[in-house]
Amino acid sequence: MEKKFEGKVYSGFLMLIVSLTLMLASIFLTIYGIMLLVNETNGSDGAISLVGGILVLVVSIILMCGFLILEPNEARVITWFGKYAGTFTDTGYYWINPFYSTKKLSLRARNLDAKPIKVNDKIGNPVMIGLVLVWRLKDTYKAIFEIDSQTMAPVNQQEVGGVTLKAIMQALENFVKVQSDAALRQVAGQYAYDDTDEKGNQELTLRDGGDEINQQLEQKLGDRLALAGIEVVEARINYLAYAPEIAAVMLRRQQASAIITAREKIVEGAVSMVKMALDKLSDENIVELDDEKKAAMVSNLLVVLCGDDSAQPVVNTGTLQ
């Protein structure tokens, strides 16, 4: 598990002054030793001064390797000859023992807009589904040591002596992409794309599932990505459609369903209007209609109200008696 780095950490500016001072001292000692050797006044002192200058220069160069800079939402995973020593997250300019090995990681949120993939829904229909995912690193130990993010990094982005931040984060992005596809296929296979033809079926579907489907997707992704120390900030389905080979057929099915629903609404309204008309005629004693004429009137009104084309009125000059 991730732990905070407990080793000695010094101000980078202070150690920079120390390193520069040692470097200047090494230059002075080296020049002084060379001058003594050239003049042959005191050969032993010159040799000691020259060797001391070289040693001080080596020490200053080693000290220069211990500096590190951290920006907000960045971390350094620190190891001591292969042993995990902790994670350093303090922002600023610091110096640590140069024999520690460090690997830089970004803790900033990242976005994945996965391209739509073809999956089969619960009833076997092929659908195209895509997601958008926001994620970030939560456990740096798992990100480095639980998955092989270092050797999975692209070779062309590796540097001498280690792997760059960009290469490690790209390896993690590839891991997230693969696991996102797997989680999306798992969730999509549990639900039908749309309602079936069964009456009264209230089963949750991909098209109208909304927040509940997204919550399940977040849960599945969180379980899969926890292995790499990755936190899922948000995951949502951003694309959903039938696969091209059945899209035309399913579109006609949806159109037919919409037409039937509209017709049911039209007929329901027409029947209520006919009833209201008959009740008005009867209550206000406008005209007396027998059952046969009521049936004819109902038929005519339903034709006018439910027809797609405009009605052509026919004027009756005869008697209603």
Side-chain angles (χ1 to χ4, degrees), residues 73 105-140 142-143 146-147 149 152 169-265:
N73 286 322
L105 291 175
S106 173
L107 306 180
R108 300 183 178 99
R110 289 177 173 252
N111 185 64
L112 172 66
D113 187 7
K115 293 182 179 180
I117 58 175
K118 184 187 293 186
V119 301
N120 291 330
D121 65 2
K122 184 178 179 180
I123 59 178
N125 290 326
V127 298
M128 300 296 295
I129 187 170
L131 66 82
V132 59
L133 171 65
V134 181
W135 62 276
R136 63 186 172 198
L137 282 182
K138 185 178 181 181
D139 191 320
T140 57
K142 291 183 178 180
E146 292 292 338
I147 66 171
S149 58
M152 287 192 305
M169 297 308 296
Q170 185 172 340
L172 291 173
E173 286 180 357
N174 292 334
F175 181 84
V176 171
K177 184 179 183 302
V178 172
Q179 295 302 320
S180 298
D181 286 353
L184 189 59
R185 291 179 185 276
Q186 183 180 5
V187 172
Q190 295 176 352
Y191 302 96
Y193 175 91
D194 205 349
D195 294 329
T196 60
D197 294 332
E198 299 177 3
K199 299 296 183 180
N201 183 22
Q202 299 297 325
E203 186 177 356
L204 190 67
T205 63
L206 293 173
R207 192 166 69 91
D208 60 11
D211 292 338
E212 187 172 345
I213 297 293
N214 291 328
Q215 288 175 2
Q216 292 195 28
L217 182 60
E218 286 186 15
Q219 181 182 356
K220 298 294 184 184
L221 282 169
D223 294 341
R224 290 174 176 270
L225 298 180
L227 174 65
I230 295 173
E231 176 188 12
V232 177
V233 179
E234 182 183 17
R236 292 190 174 276
I237 295 175
N238 67 337
Y239 183 88
L240 183 63
Y242 282 112
E245 57 265 27
I246 66 168
V249 176
M250 289 303 177
L251 178 59
R252 290 198 295 270
R253 175 181 174 273
Q254 291 176 350
Q255 290 174 340
S257 178
I259 291 173
I260 292 173
T261 303
R263 288 293 184 184
E264 290 176 351
K265 197 69 176 178

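The model shown is predicted, which means the values in this text are computed figures rather than measured ones.
- Under the 4.5 Å side-chain criterion, counting only non-hydrogen atoms from C-beta, Leu172 is in contact with Ile147.
- Scanning for salt bridge (Lys or Arg N to Asp or Glu O under 4.0 Å) contacts around Arg185 gives an empty result, with sequence neighbours left out.
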Per-pair distances, 0.1 Å, donor-acceptor, side chain in residues 111-118, under 3.5 Å, sequence neighbours excluded:
{"residue": "Asp113", "atom": "OD1", "partner": "Asn238", "partner atom": "ND2", "Å": "3.1"}
{"residue": "Lys118", "atom": "NZ", "partner": "Glu245", "partner atom": "OE2", "Å": "3.3"}

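- Using modelled atom types and a 3.5 Å distance limit, the side chains of Tyr191 and Gln216 yield a donor-acceptor pair.
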Just distance, no hydrogens or angles: give the donor-acceptor pairs under 3.5 Å from side chains in residues 175-183, sequence neighbours left out.
{"residue": "Gln179", "atom": "OE1", "partner": "Arg224", "partner atom": "NH1", "Å": "3.4"}
{"residue": "Ser180", "atom": "OG", "partner": "Val176", "partner atom": "O", "Å": "2.6"}

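- In this structure, Leu133 and Arg110 have side chains that are not in contact, with every pair of non-hydrogen atoms separated by 4.5 Å or more.
- Taking both residues in full, the closest heavy atoms of Pro126 and Asn120 are given as CA-OD1, 3.6 Å, listed atom of the first, atom of the second, then distance.
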message = Could you go through Ile129 and Ile237, starting from their C-alpha distance and side-chain angles, then the distance that decides it, and tell me whether this counts as side-chain contact (heavy atoms from CB on, under 4.5 Å)?
response = CA-CA 7 Å; Ile129 187 170; Ile237 295 175; 3.7 Å; yes
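- Distance CG/Leu221 to CD/Gln186: 9.5 Å, rounded to 0.5 Å.
- Under the salt bridge (Lys or Arg N to Asp or Glu O under 4.0 Å) criterion, the residue pairs touching residues 235-244 are Asp211-Arg236, Glu234-Arg236, with sequence neighbours excluded.
- A side chain to side chain donor-acceptor pair (under 3.5 Å) check over residues 129-139, counting only residues at least two apart or in different chains, returns the pairs Arg136-Glu231.
- The two residues Ala143 and Leu105 have their closest heavy-atom pair at CB-CD1, 4.4 Å.
- Across Leu206, Ile213, Leu131, a single residue satisfies side-chain contact (heavy atoms from CB on, under 4.5 Å) together with Leu240, and that is Leu206.
- With sequence neighbours excluded, the residues that form a side chain to side chain contact (heavy atoms under 4.5 Å, CB included) with Asn73 are Leu107, Arg108.
- Side-chain contact between Ile123 and Tyr193 is absent, with no heavy atoms from C-beta onward closer than 4.5 Å.
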